[in-house]
Amino acid sequence: MPELPEVETVRAGLAPAITEAIITRVEVLDSRSLKRHPGGVEDFRQTLIGSKILGVVRRGKFLWMPLGLPADRAGEKQLALVGHLGMSGQMLLRTPGFEADKLTRVIIGVKAATGEVVEFRFVDQRIFGSLAIDQLEQTADGASGGFSAGVGQGQWWQNLIPSSAAHITRDPLDPNFDINAVLAKFAKKNSGIKRVLLDQQTLSGIGNIYADESLWRAKLHYDQPACSISTPKAKELLEHVRQILADAVLEGGTSFDEQYKNVNGEGGYFAVSLNAYAMTGLPCKRCGHPIKRETWMNRGSHFCPNCQKLKA
DNA sequence: ATGGACACCTGTGGGC
DNA sequence: TGCCCACAGGTGTCCA
């Protein structure tokens, strides 16, 4: 489900509530949600209990929380709790005793800096998402690990990234995003532009919704080879990408159903702004031609066959 | 390098 | 009512 705007909405909801909170309780209801944690359930619990959450950082669709281990376990380990929402993950913040959320897989109880007790609930229908504890390492470029809304400046974890997310490149909302590096990658790729936009090692944060929306705005066909797009046109596409992601963040992301929720269990409002995704058969808002859906890479691609033509 | 298939999963909605 | 199929905001891996 979630792409950058949805994950950022979750990050922005978590950060003020649980930064500096101490983990007091960990309940793993379905160990499949820990499949990316190599140490198993007990190791996961023991590492977290007593640790402090130092911040909430995001790069692309990955979220992580650097951990301050209790004094008796503080060694050379620099660890973070890493979360990915997959297709259907949610991170909810509930007061203890709040009614059970269906499909809850992991509950982490924390005591906030204010003394308030909060339950972090990881809910995930399809279990493509995960929680894991991972080692932090230096970023490839030595700059910040990801986006944390300015929090974490000067902290030991600022320029670190979890090993499991180190292959993810910076996203268009990252202050250190390097547009020229992305344009250079486009120029070397013969693959269709949508495939390239979805490749988290070229630029990160884009998924099926925002890829279709960006291509609609730029009037590009999803299969147009990336290297065949002129640099000015590619720049224009990336500006649309950045704008759409930023606008969607302001709307709290895109919700169609029960799959995407913010930390309070509420949906986002960007769905009303969609022009291509989920618009199959409806008239294109530019030219009136019906939006088409084609099966592509085991998923759907939505586009206007009239204003997004494949060019030779 | 590149494109395709598929695996990981559950739930919902449409057609019959 | 049930059954079967298509479909869903992601990622990773294996194979031609």
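Given the structure is predicted, the values throughout are model-derived calculations rather than measurements.
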Please work out if [X] contacts a base, only the sugar-phosphate, or nothing of the nucleic acid, heavy-atom cut-off 4.0 Å.
| X | value |
| --- | --- |
| Asn190(A) | sugar-phosphate |
| Arg195(A) | base |
| Glu258(A) | nothing |
| Lys35(A) | nothing |
| Ser191(A) | sugar-phosphate |
| Phe256(A) | base |
| Leu198(A) | nothing |

Side chains of [X] and [Y]: closer than 4.5 Å at any heavy-atom pair?
| X | Y | result |
| --- | --- | --- |
| Val82(A) | Arg36(A) | no |
| Leu81(A) | Phe44(A) | yes |
| Val241(A) | Arg217(A) | no |

Side chain of [X]: nearest nucleotide among [options]?
| X | options | value |
| --- | --- | --- |
| Asn298(A) | dA8(C), dA5(B), dG11(B) | dA5(B) |
| Phe62(A) | dT11(C), dT10(B), dT2(B) | dT11(C) |
| Gln200(A) | dT11(C), dT10(B), dC7(C) | dT11(C) |
| Lys189(A) | dG10(C), dT10(B), dT2(B) | dT2(B) |

Closer than 4.0 Å, any side-chain N/O of [X] to the OP1 or OP2 of [N]?
| X | N | answer |
| --- | --- | --- |
| His84(A) | dG10(C) | no |
| Arg36(A) | dG12(C) | yes |
| His167(A) | dG12(C) | yes |
| Lys61(A) | dT11(C) | yes |

Distance in angstrom units between [X] [atom1] and [N] [atom2], rounded:
| X | N | atom1 | atom2 | answer |
| --- | --- | --- | --- | --- |
| Arg299(A) | dA5(B) | CZ | P | 14 Å |
| Asp257(A) | dG14(B) | CG | P | 13 Å |
| Phe128(A) | dC7(C) | CZ | C1' | 12 Å |
| Asp199(A) | dA1(B) | CG | P | 11 Å |
| Asn208(A) | dA8(C) | CG | C1' | 10 Å |
| Tyr277(A) | dC7(C) | OH | C1' | 9 Å |
| His302(A) | dC7(C) | NE2 | C1' | 10 Å |
| Glu3(A) | dG10(C) | CD | C1' | 9 Å |

Distance in Å, Arg293(A) CZ paired with Tyr277(A) OH, rounded so as to fall on 0.5 Å steps: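 Arg293(A) CZ to Tyr277(A) OH: 8.5 Å, rounded to 0.5 Å.
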
Who pairs with dG11(B) - Watson-Crick or G-U, where each distance is under 3.5 Å: dC7(C)

Single-linkage hydrophobic cluster, 4.5 Å side-chain cutoff, Met65(A) and Val151(A) together: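 No, Met65(A) and Val151(A) fall in different hydrophobic clusters.
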
Whole-Å P distance, dC9(B) and dC4(C): 22 Å

Donor-acceptor side-chain pairing of Gln259(A) and Ser88(A) below 3.5 angstrom: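 No pair is found: no donor N or O on one side chain lies under 3.5 Å from an acceptor on the other.
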
Residue whose closest nucleotide on DNA chain B lies nearer the 5' end, Arg105(A) versus Met297(A):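 Taking each residue's closest nucleotide, the earlier one in sequence belongs to Met297(A).
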
Most 5' of Trp296(A) and Ile127(A) on DNA chain B, judged by nearest nucleotide: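 Per heavy-atom nearest nucleotide, the more 5' residue is Trp296(A).
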
Centroid separation Phe270(A) to Tyr260(A) less than 6.0 Å: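 That pair fails the under 6.0 Å test.
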
